[in-house]
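As the structure is a computational prediction, the values presented were derived from the model and not from experiment.
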Amino acid sequence: MLPAANHLALEELGWASFQDLAIAYAEDLFGAPVISYAKTWDGGVDGEHACFTFQGVKSPWTWAIQAKHTARQQSLTEASLVEEFKKLPALIAEGFDAYLLVTNHGVSRVAVNAIRKRVLAAGFKSCHVHGREHLVRRIRSSPNLRVLAPRVYGIGDLSLILDGRRAEQTQALLEASRADLDRFVATDPYRAAVRALLSDGVVVLLGEPAAGKSTIARALSVASVDAFKAEPYELSGLDQLDGHWLPREPRLFWIDDVFGPTQADYFAADTFNRKLPALIAALAKGNRFVLTSRTYIWRAVQPRLKLSTAPGLSKGIVEVKVEDFSARDRALILANHVKLGDHSRAWKSGFKPLAPAVSRHPRFNPEVARRLGLEAITGEMELTAHALERYVDNPDEYLEEVIGGLAPAGQAALALLFMLGGELPVTLPRDEALDVVLDAFPVSAPEIAGELVAMEGAFCVRRVEEGEPVWRFRHPTVGEAFASFTTRSSVLLDVYLRGAPPERILEEVVCAGVAVKGAKIEVGVGHFDRLIARMKAHRWGRLTRLPRWFLIVKATPEFRRRYFTAPLAINHPVLDDGRRLEHQTLALAAVLLPEGLVSPEHLEHLRNRIVKGLTELGLRTCLSTSARELLGAERFDELLQDVLAELRDSGSSYIAYYEPSRDFEGSPTEAFAELIAFVDELAGWVDEDEAAEVLEIVKRRVAQRVGELEEEAEREDDWQREEEYYYASQAGGGREAGSTTRQSPFSFTAAADPLADVFSDLDD
């Protein structure tokens, strides 16, 4: 047995975090999940477990678990449990018949006997009291407990828990992650992630920006050295795996934003598929993986991923939804950030009565809480319900205002970090990026270096990457807010063009002289080459619509001449049509044709596709001004007469093209909707009466074919149709439509707020 040394500062946890530890302690003790209750309405019970093995004896009892915390080391007495004793009869009435008290008090045998006597006299069949000695001993001996309650890594000497090498590794990670872990709350997604790592070795953390995915990943990394005997490694992508995983040395690999930070990176998805065999082989040798992605990016790339080859990946998906966090967990997140933040005690006292409403706000998230704890960001905020609601509703807008109020050296430091993609060596590199920043701001390189140190924790953090110290944005939303800030000033145009994501640039920028509603920034001829270089260097994947749209609508002829150093050819990367003939492709070619920027071969290729789209397929894309300009007005008009004649006489090729396949999910009528729309749109290009006559003919033929298809479906799948009718008849029953009105969370009543106790020691 290990000595029960009092080297773990359990009194520093605070009552709420200690309750989390008590529940984790019970889960580890029982070897099964424990139901936990919020403290302020728990009726004297902090957890319940219905059936478990305790000290080797199978128990049919329902156990009530009570947590009792002290902020200073002292012994537990019978008198200190007077309020808990009053609740015992009610617990008996609810069906509890065994009682476990978990406390960080020192507990003597005399006190245990007295407490047990009172509990048994109330009607309980069994009572156990586990004091500080029990807790310390189990924390030191159980990695499972430590991973369920990762805050214990920061409350004592790690050498008392881990062996020398693992203690050093964890200490280094802990120091780098101290601010996050000191404020960490073990939410349901965290516990689900732990279970996924234990069972399948891989977890995919999904969530919206600022939901806390990276914080959970960081907590898992710290715990991995202890719980999984796996050294943590942070990779920028799965393509780096081959150079880091070793069959005989298990590691935990953490890949943040695995499929792109702000937009879906389809090349990263393809790389992921290629590296899946290596991931599976690494899993088989005991390695573990923590991947994070924004939910909307995951949904975009998921159809391209070969998840069937890695079943554990599908089972290990954990979505971090802040709106699903319990009210208590949201309150704890906020309380931890503000209590351990650097605001004055007076500020915290003023914030305390408003805190419960902030934690309930629909747009509350962990990043909002983090910023509320930092004087540098929210120190000037007016502590009123209106001001706080405005902040929580629009935290990024508020952050932009804060950045605008920074000293020039602070803005320059963020600009340099922004231009280098969010990772800046601590020893500032003398390169073009630094020169651009020094030209934009009246500061020196030493002032920038000093300001980065001053902003650590609020706007940036220091990390070690491949043995070298670097600065990073404290959170990706800081970089996004700075990008918005740069759009306010023409002086920062170089900074913006060098650092902003290309997709964002194309959405916000317009060439000087072109009027486009909503464009924020004008780019003159002197910056054309910089913008073109960013456009061509970026891997657009399925987002090629953005550069095409920019070239059509927002670019000048001079910009297009510089962009297309040779006439547009069939396989030009900006096209990327695949099998579809995109409207944008025709529009771009129509714009480039009079400028002499379309090759003869590509022009003939497009013309052939337009002809086929009109005379055989019925593509609405080809009923456009762009198609007419590419074909020539006379030929285009002649083709439309041929189209009318074919639709009037037969139209068989059109109907065959739109006829639904067996795996089509909609109805036959829906499959032909595009053909009807094509014929309807013809009315804008030919005689209206003639077009109306042809439209009625096509509708009759489509209706006839739809009837035939439905009859075939009835003969082949009669049983399936009946089942669908049954479920359709059940759908919607009992639900009544109604309107909902959002009520401001910043409303106060005379009744005591049930979350107030969470913030009771906020300003202590």
Side-chain angles (χ1 to χ4, degrees), residues 24 27-28 31-32 139-150 152-153 158-159 161-174 176-177 181 186 189-206 213-214 216-256 258 271-293 305-318 464 466:
E27 285 200 12
D28 184 59
I139 289 171
R140 294 181 60 196
S141 63
S142 174
N144 286 339
L145 171 56
R146 297 194 290 270
V147 74
L148 285 170
V152 300
Y153 292 111
L158 287 172
S159 64
I161 302 174
L162 313 176
D163 65 38
R165 177 172 176 269
R166 296 207 310 274
E168 291 177 6
Q169 291 173 342
T170 306
Q171 188 65 52
L173 274 169
L174 185 61
S177 310
L181 290 183
Y190 173 77
R191 287 185 280 270
V194 170
R195 290 193 290 270
L197 280 182
L198 288 170
S199 61
D200 297 298
V202 59
V203 61
V204 183
L205 292 167
L206 306 179
K213 304 181 297 296
S214 296
I216 291 176
R218 193 167 292 114
L220 292 171
S221 294
V222 171
S224 67
V225 181
D226 177 23
F228 310 126
K229 309 297 185 290
E231 187 176 358
Y233 270 76
E234 186 175 0
L235 306 179
S236 60
L238 199 60
D239 55 338
Q240 295 184 333
L241 179 61
D242 290 341
H244 289 88
W245 85 275
L246 300 172
R248 299 180 181 177
E249 188 173 336
R251 292 173 172 172
L252 180 138
F253 295 102
W254 169 19
I255 307 175
D256 223 2
V258 62
T271 300
F272 189 86
N273 286 334
R274 291 198 306 273
K275 295 298 181 181
L276 266 179
L279 182 148
I280 294 170
L283 284 171
K285 294 296 183 180
N287 292 274
R288 285 175 166 81
F289 291 84
V290 177
L291 316 175
T292 74
S293 177
L305 301 179
K306 300 176 181 177
L307 298 179
S308 60
T309 61
L313 197 65
S314 298
K315 290 192 291 182
I317 295 172
V318 175
V464 176
E466 298 182 356

So how far is it from [X] [atom1] to [Y] [atom2], rounded to the nearest 0.5 Å?
X      : Y      : atom1 : atom2 : answer
Trp254 : Thr292 : CH2   : OG1   : 7.5 Å
Tyr233 : Gln240 : OH    : CD    : 12.0 Å
Phe289 : Leu235 : CZ    : CG    : 8.0 Å
Leu279 : Phe253 : CG    : CZ    : 9.5 Å

Shortest non-hydrogen separation from [X] to [Y] and the atoms involved:
X      : Y      : value
Ala193 : Leu205 : CB-CD2, 4.1 Å
Ala230 : Leu252 : CB-N, 3.7 Å
Lys306 : Asn273 : N-OD1, 3.0 Å
Leu238 : Lys275 : CD2-CB, 3.6 Å
Val290 : Ala217 : CG1-CB, 3.7 Å
Ser221 : Pro232 : O-CG, 3.6 Å

Treating Arg191 as the side-chain partner and Ala186 as the backbone partner, does any N or O pair qualify as donor plus acceptor under 3.5 Å?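 Pair found, side chain donor or acceptor close to backbone of Ala186.
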Looking at residues at least two apart in the chain, or sitting in another chain, which of them share a side-chain contact (heavy atoms from CB on, under 4.5 Å) with Ala278?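 So Ala278 forms a side-chain contact (heavy atoms from CB on, under 4.5 Å) with Leu241, Asp242.
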Do Thr271 and Arg274 have a side chain donor and acceptor closer than 3.5 Å?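 Their side chains do contain a donor-acceptor pair, which is all the 3.5 Å distance test asks for.
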Residue list, side chain to side chain donor-acceptor pair (under 3.5 Å) with Asp200, at least two apart or on another chain: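 With neighbours one apart ignored, the set is Lys315.
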Listed partners of Ser199 passing side chain to side chain donor-acceptor pair (under 3.5 Å), at least two apart: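 Per chain and number, Ser199 pairs via side chain to side chain donor-acceptor pair (under 3.5 Å) with no residue.
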Start with the C-alpha gap between Tyr190 and Val318, add the side-chain angles, then the distance that decides, and say whether side chain to side chain contact (heavy atoms under 4.5 Å, CB included) holds. CA-CA 9 Å; Tyr190 173 77; Val318 175; over 6 Å; no
